[in-house]
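See structure below.
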Amino acid sequence: MALPLIVVVGLLLSCLAPTLGRLLGQKVAPLLALFPAAVCLWLCATVLPNLDTPLLFEAPWIPSLNMSYAFHLDGLSALFMLFISAIGTFIFMYAGGYLGNHPQLGRLFAFLLLFFSAMLGLVIADDLILLFIFWELTSISSFFLIGFKHESEEARRSALQALLVTGAGGLALLAGLILLGDIGGTYRVSELLLRGDTFIRHPLSDAALLLILAGAFTKSAQFPFHFWLPGAMVAPTPISAFLHSATMVKAGIFLLARLHPLLSDHLWWTPLVAGAGAITMTYGALRSPWERDLKTILAYATVSVLGMLTMLLGLGVDKAIPAFVAVILAHAFYKASLFMVAGILDHQCGTRNIDELRGLRSALPITSVAAGLAAVSMMGIPPLFGFIAKEKLIEAALKAEWYGMLMIAAVFVSAACLTVSAWQVGFRPFRGTPKPTPKQAKEGGPLLWAGPLFFAILPVPLGLLVSFWSGPFFSAAVGAIQGQNLEMTVKLWYGFNLALLMSFLILGAGVGLTLKRDKITAYLKRTVYAKWPAAFHGAAVFQFGLKQAFALANAQTRILFQDALRHNLTFIMVVFLGLGFTILKITNVAWPFNPVPLDNPPLFELMIGLVIVAAIAAAIRAQSMVVAAACLGVVGFAVSCFFMIHGAIDLAITQLVIETLTVLLFVLVVHRFPDFNTKESELRRRFDALLAAASGAFMTLLIWKADLIQLQDPISGYFAENSMTKGYGQNVVNVILVDFRALDTLGEIVVLLIAALGVYSLTRQKLKKAKKATEGGAA
Amino acid sequence: MNLLVLPVMIPLITALLLLFCQKNRRLAQIVSTIGAFSLPAVGLLILSRVHEEGIQVIHMGSWQAPFGITLVADYLSALMLSVCGLVGAAVAVFALKEDMNLSREGVFFPLLHALLMGVNGSFLAGDMFNLYVWFEVMLISSFVLLSLGKTNAQLLASIKYVALNLVSSAIFLTGLGLLYGKTGTLNMADLAVQLQNTESTVLLTSTALFFLVAFSIKAACFPFFFWLPPAYPAAPAPIAAIFSGLLTKVGVYALFRTFTLIFNQDTAIFQPILYWMAILTMVTGVLGAVAQMDIKKILSYHIISQIGYMIIGLALATKLALAGAIFYLVHHIVVKTNLFLLAGAIEKSGGTNDLKKLGGYYKGYPLLAVMFLVPALSLAGIPPLSGFFSKLFLIRASLENGDMFMAFMALAVGVFTLISMTKIWMEAFWKKGVGENERRPAKIKRLDLTVTMPIAVLAVVTVVIGFSAGHVFHFAELAAEQLIAPQMYIDAVMGGNAR
Amino acid sequence: MNSYLIRMTVPWLCPFLLVMSIWILLRGHNAPGGGFIGGLVAAAAIAFWCFARGVEDAKRWMRVSPLHLMIAGVSTALISGLMPMFAGKPMLTALWHKVEVPLLGKLPLGTPILFDIGVFFAVVGVTTSILFSLEEFELWNRSGPS
Amino acid sequence: MEPFWAVVVGIMFGAGIYLMLRRNLSKLILGLILISNAANMLIMTSAGLTRDAPPMIAAGKETLTGTYADPLPQALVLTAIVIGFGVLAYFLTLLQGAYKSNKSENLDRLGGGAS
Amino acid sequence: MTTIIESEPWLATVALISTIIILVSMGMTVVHLLRGPGLSDRVAALDLTALLLLGAIVLYSLKTGNPMFLDVALVLALLGFLSTIGFARYLEERNKP
């Protein structure tokens with residue numbers, strides 16, 4: 001019960017947040033931070049000690065579609081939940097300090113809480129569709145959070161970009177999940193994971209895998225979908241720190257980890273996942289250190305680590321999964337801390353450009369400590385937890401079977417570059433002689449520095465005491481990812497081995513790069529960045545694609561949705577007739593027709609028919625409206641005669657009166673219209689004539705053949721029998737109208753009533769307007 | 001038994017009463033509101049009756065089934081009645097403050113109720129010609145409603161609308177004539193029986209084409225949708241709202257009814273037609289929407305696109321697909337009406353629907369922003385709102401059919417829907433205010449409770465549909481079951497006295 | 001119209017036509033005719049008057065506003081349809097009652113007759129209303145500024 | 001005689017569609033009127049034509065006997081004619097208004113500005 | 001049931017002659033209607049068409065022996081006049097300056 005409750009409470013709080021924000025101002029931050037704190041404490045107190053028995057919850061939802069409200073908390077969920085709620089607690093407080101009394105603070109918290117609950121829901125969902133719902137909720141809340149400074153166009157553009165990339169990926173994911181559910185025959189994740197064999201053999205498994213990977217890669221900013229992430233840095237720093245480095249971007253990673261037991265045996269898993277991960281890792285690391293904006297540096301570093309995590313999941317070696325768990329934890333803590341530091345610098349100094357930030361150690365002492373510690377963890381220097389993560393990573397890379405040397409090289413380069421990034425963010429702004437900044441720098445309140453400090457210090461005990469706490473925790477998490485029960489512990493010190501050597505080599509390379517960083521930057525600016533092919537800027541490609549889509553839409557609308565009514569009509573008729581003749585062709589109407597005997601020389605009928613045809617011809621050729629109207633009158637009279645001789649006397653009379661009234665009204669209205677004969681092109685006229693002939697032929701054909709089919713006696717026999725006995729009327733037509741089918745007649749007079757009302761109101765409207773105009777003109 | 005008459009008769013009586021008390025505005029408003037609110041109540045009553053006792057039938061004038069006119073309510077009809085009643089009530093409230101502007105002759109409310117009468121009648125009709133009559137009631141009311149107001153654009157749009165709908169009516173009538181000529185009956189259930197037993201479907205297929213085209217014009221499917229984009233944006237807000245919610249849906253309903261009940265033999269021919277119609281409708285509609293810069297125009301093109309989604313249900317014709325389409329129908333009526341009401345609300349407070357001239361609503365009018373978000377995100381298919389589930393069901397249905405292409409198109413169209421919804425959001429809400437609103441965003445004109453209340457209620461309904469998707473889907477499934485197995489319907493109507 | 005002849009004929013012709021229309025209405029259940037035809041003939045009579053002597057004159061002659069006439073007509077038809085509901089029968093079920101009429105003997109009178117009368121008035125009201133509206137508009141068109 | 005009438009009705013449909021595809025508003029209406037007339041005739045024709053036998057029960061008889069024209073299509077057509085008249089009258093008014101405001105009956109210029 | 005034409009043979013001859021006359025007139029009237037030249041000619045021709053049609057209906061009624069067709073003739077008589085007046089009004093207005 002606790003599992004859905006957490007999510008629901010979070011959502012409720014999210015609804016309340018705007019009001020609370022308005023009432024309490026800045027104080028809302030620590031108040032709302034109690035929620036993630038409570039979640040974190042609950043987790044530590046009750047869940048972590050009993051990780052070997054997963055928590056379950058299930059309630060019916062849509063049974064016929066196998067959908068249920070199922071939640072499931074195992075080691076993997078616990079891992080994610082732990083750092084989400086821990087970071088959440090401090091981010092909430094930090095956001096209060098960062099934004100102060102911003103008028104939209106309440107709304108920010110609404111979206112933050114929405115995101116937080118969705119993220120928790122995502123990691124504990126045990127139903128594929130439920131999982132997807134939370135997935136999309138994180139995307140949409142990210143959209144609103146990136147667009148927090150919504151009056152700047154850049155923010156709006158980045159928000160849309162992030163939403164579209166993750167949203168499109170999300171839809172692919174949805175298709176993938178549905179396929180997965182259909183293949184596995186269940187939508188319960190925990191049951192599905194046991195059916196890896198059926199999955200691999202299923203013909204649709206390739207499609208499912210690709211779709212799921214598309215979703216995961218877009219969400220986790222894997223190359224080539226990474227570009228939205230640096231763009232998302234326009235958001236206020238608490239948001240970037242929480243969503244775009246520590247938690248949301250890991251949703252894709254989580255998904256891969258969650259489905260790892262099911263998907264990892266697939267033939268394409270390793271090449272796709274490890275490959276994409278390695279490329280992303282290297283790319284991010286290569287981009288990161290040379291940027292000038294603190295947040296951009298961190299963003300590319302995040303991209304790199306996300307690639308690293310993906311690669312670890314894809315490698316398919318035993319050592320990779322513990323490395324994955326270690327890296328994800330280490331990264332969450334140091335990156336959150338560094339991001340918050342970047343935010344403090346921005347907030348207190350007014351700039352994020354590292355060239356303008358110098359010697360801030362004395363102005364911001366606490367921040368500098370936090371930054372330094374976090375950077376050390378990021379560099380992977382013992383005994384911090386970052387060191388353990390890096391060592392595990394190297395171990396896994398050393399074990400990689402798949403393009404082993406390439407993987408090691410990638411890890412080496414990335415880790416070295418990340419060392420530089422860590423230096424640039426964690427040390428550089430605080431060293432040297434102070435430089436004046438746009439704002440006079442001074443330490444902010446505890447709301448600001450508590451978070452970074454906490455997360456900077458945390459890796460120290462985590463690293464030192466790793467062998468004490470890691471046993472059950474790592475066993476549960478790694479076991480959940482690998483889909484088996486296992487026992488393992490992590491130690492700080494494994495003795496001198498290859499991994500340790502590598503680790504130090506990397507550190508050395510990092511130091512070397514750090515020393516030469518300015519030269520490299522200058523070189524890169526001159527060469528690579530200047531000539532960077534446009535296709536490598538994902539954002540540019542994305543914007544280009546978007547523009548093309550708009551152009552396509554415009555062109556389509558211009559061509560298809562013509563203003564002129566007759567073009568529309570032509571299109572409709574062409575399609576209609578096309579379908580009609582196709583159907584006739586398919587159903588093989590027998591040609592030629594059976595000759596029909598002409599009984600009883602129908603002189604009168606022939607005459608009526610000829611009059612109709614002649615009058616129509618005259619109407620088409622008529623040069624003036626009155627002639628056309630008169631011809632119409634003749635057609636009407638002739639039709640009336642047609643009705644009369646075929647026994648429809650009521651009908652004939654009605655037709656006469658109505659036709660006369662129609663013609664009179666027609667003349668009344670139309671006689672003012674000028675230019676009866678607008679010029680038309682010959683081609684157009686011929687085409688229309690052809691169309692008209694085709695439709696006429698189609699109708700003729702149908703009626704002619706319809707005459708030959710009579711499935712049963714018409715129901716009129718009943719009317720003939722009962723109209724006198726039960727309806728007390730000799731005129732069967734009238735009895736049908738007022739008794740058998742009186743509802744039709746009622747509807748019909750309602751139509752008439754409305755038409756008359758319409759005519760009345762329309763003419764009255766015009767008359768009044770005109771009157772007003774003349775009065776206005778007079779006055 | 002007479003319960004089934006009420007959805008038709010209550011609007012008619014209300015309309016007549018309103019015409020009687022034209023002079024007394026206050027009284028007219030009260031009568032109209034009471035009339036409008038009784039409709040959803042009756043709808044739900046019928047739904048519960050259908051749930052308890054099965055398909056409801058009334059033989060008008062006590063004339064037995066194939067001979068007289070029958071009104072029938074199955075799950076689909078009852079669902080549609082309830083939702084349309086709800087939407088109608090919301091619009092009736094929304095228009096309370098505006099009816100004076102719409103027509104000084106006091107015909108707005110009577111026409112609104114006449115429209116509802118036609119719509120409800122179409123849902124209940126168990127007789128093809130009766131369906132035609134209800135269509136005409138609905139159409140003529142919509143014609144008149146569309147031209148209420150003052151603008152010239154409205155008149156011009158009306159011409160196209162009326163002309164194309166008259167063509168559709170003529171096609172419908174022609175089809176009816178051919179159908180009667182062949183079967184000698186008009187009752188839908190009886191038609192179904194006749195056509196089930198016949199082997200000579202050769203020409204019935206071509207007759208079915210007439211109905212397909214006629215209803216597709218009403219439903220605004222590809223390529224019969226030309227009347228829609230000019231007509232809806234030109235209409236005043238409440239009218240556009242009620243149109244968007246109801247008119248095209250009646251066409252969709254009619255397609256569902258006829259092609260599951262009567263013309264269900266020629267699947268080999270009509271399934272591919274419907275399939276491509278669905279896809280092209282979705283795609284062309286959404287591309288049209290992307291190209292627009294006016295809220296109402298965007299929404300209008302979206303209607304087309306979403307009709308395509310509903311047709312998917314019919315094209316796939318599995319139980320899940322039909323249920324998904326019905327769910328979509330319900331969701332779409334609520335959401336689309338709400339969005340048009342919102343467009344009206346924005347127009348009222350900002351004076352325009354042009355996105356280039358709007359802005360600053362997020363800052364200046366957060367309440368409206370929240371109320372916009374719910375239906376807009378729902379339309380774009382963001383979970384856990386109703387739109388997500390409707391898309392989910394349809395995509396699941398197409399994937400279960402092994403139809404990757406359809407699923408892909410549905411998803412891709414979803415992305416474009418998202419683009420155009422966020423466009424409205426970003427331009428009208430996030431962007432800085434334009435002109436006066438830029439300096440004083442908090443001074444954006446506030447709206448009356450009669451305007452915001454219906455929007456809020458419909459937004460809540462959207463949320464409720466989303467959160468109780470299971471229950472709503474259950475009903476959609478029951479409705480789909482009845483559509484899949486028309487024998488139930490036939491038995492209920494014919495009552496065992498099949499000829 | 002300027003023709004004196006026509007202007008003077010119409011007041012004689014039209015009442016006759018109205019009487020005829022009512023006759024057509026009432027016999028409609030048993031012979032060609034009925035509410036629609038009767039109503040249309042009556043409307044034609046009024047159209048005569050309107051064409052010959054102008055809208056205003058026709059309105060005066062009619063005394064009742066066509067709008068009221070059509071609303072009353074639809075209401076009558078509706079009421080005749082609703083009556084059986086109070087007898088617990090489906091709507092629009094015909095209720096018949098044989099009435100002794102002095103000269104004609106026993107005549108069946110029933111709700112369908114009432115329904116037909118409603119149709120008659122509705123048709124008369126609608127047709128004349130449309131005619132009058134368009135005529136007035138046209139008159140204004142002719143006189144007023146373009 | 002149905003084939004003969006089938007041809008006539010076909011011609012009416014064709015002519016109606018041809019007229020509707022012209023540029024003039026007045027021709028659009030002419031076309032619509034023709035098409036609705038054609039549809040009405042089609043209903044009668046397709047249901048089967050019977051000459052000179054109105055469905056009237058002779059005085060003193062209980063039921064219709066012998067051959068008689070099918071009364072149901074007649075009732076349908078009657079309804080359709082009347083409905084068509086109402087709608088057409090409204091349409092005419094609409095056109096009058098549109099013409100009045102725009103001074104043009106060229107359909108291509110009366111687009112409504114969809115896009 | 002025998003129609004009056006069958007019982008009275010001379011009537012058949014009269015009917016035949018009348019039919020021919022009406023047919024010929026009808027043809028001439030239609031030509032008049034189409035060729036004009038003036039509008040008033042056409043309106044007169046329309047009026048005449050209605051009258052001829054009326055005659056034809058009466059003859060038809062005679063031929064079939066069904067008096068119900070006379071109802072149609074009655075209404076046609078009325079309406080022919082109405083439409084003539086309607087057109088005439090238009091002509092009148094048109095001839096005004």
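Within every chain, numbering begins at 1; the chains are lettered A, B, ... in the order of the sequence lines, protein sequences first and strands thereafter.
Taking every heavy atom of both residues into account, C/Gly28 and A/Asn731 meet most closely at O-ND2, 3.3 Å. Nearest heavy atoms, C/His29 versus A/Asn734: ND1-OD1, 2.9 Å. Scanning all heavy atoms of the two residues, the minimum distance from C/Ser133 to A/Tyr760 falls at OG-CA, 3.6 Å.
Between chain C and the options A/Ile649, A/Ile653, A/Leu762, A/Leu753, heavy-atom pairs under 4.5 Å are most frequent for A/Leu753. For the set A/Val738, A/Asp739, A/Leu651, the count of heavy-atom pairs under 4.5 angstrom toward chain C peaks at A/Val738. If you tally non-hydrogen atom pairs under 4.5 Å between each of A/Ile749, A/Val750, A/Val735 and chain C, the highest count goes to A/Ile749. When each of A/Gly758, A/Ala755, A/Gly727 is checked for heavy-atom pairs under 4.5 Å with chain C, A/Gly727 comes out on top. Taking C/Ala47, C/Ala43, C/Gly33 one by one and counting their heavy-atom pairs under 4.5 Å with chain A, the maximum is reached by C/Gly33.
Atom-to-atom distance recorded for C/Glu135:CD and A/Leu664:CG is 9.5 Å, nearest 0.5 angstrom. Within the model, atoms CG of C/Leu40 and CD1 of A/Ile658 stand 4.5 Å from one another, a figure rounded to the nearest 0.5 Å. Once rounded to the nearest 0.5 Å, the distance linking CG of A/Leu668 with CD1 of C/Ile130 reads 12.0 Å.
Neither the backbone nor the side chain of C/Ile113 comes within contact range of chain A; no heavy atom of the residue lies under 4.5 Å from a heavy atom of that chain. Interface residue C/Thr127: only side-chain heavy atoms are found under 4.5 Å from chain A. Only the side chain of A/Leu665 comes within less than 4.5 Å of a heavy atom of chain C; its backbone N, CA, C and O stay farther away. Of the atoms belonging to A/Leu737, heavy atoms from both backbone and side chain fall under 4.5 Å from chain C. For A/Leu661, the part sitting under 4.5 Å from any heavy atom of chain C is the side chain, from C-beta outward, and nothing else. For C/Ala31, the part lying near chain A is the backbone, with the side chain staying farther off; criterion is any non-hydrogen pair under 4.5 Å. With a threshold of 4.5 angstrom between heavy atoms, A/Val732 does not approach chain C through any atom at all.
Looking at heavy atoms from C-beta onward, C/Phe115 lies in side-chain contact with A/Leu746 at the 4.5 angstrom threshold. Looking at heavy atoms from C-beta onward, C/Phe36 lies out of side-chain contact with A/Asp650 at the 4.5 angstrom threshold. A 4.5 Å side-chain heavy-atom check between C/Leu67 and A/Leu757 finds at least one atom pair inside the cut-off. In this structure, A/Val657 and C/Ile37 have side chains that are not in contact, with every pair of non-hydrogen atoms separated by 4.5 Å or more. Side chains of C/Val119 and A/Glu748 form no contact here, defined as non-hydrogen atoms less than 4.5 Å apart.
In this structure, C/Phe121 places its CZ atom where only 12 or fewer heavy-atom neighbours from other residues, nucleotides or ligands lie under 6.0 Å away. Within a 6.0 Å radius of CZ in A/Arg685, more than 12 heavy atoms belonging to other residues, nucleotides or ligands are found.
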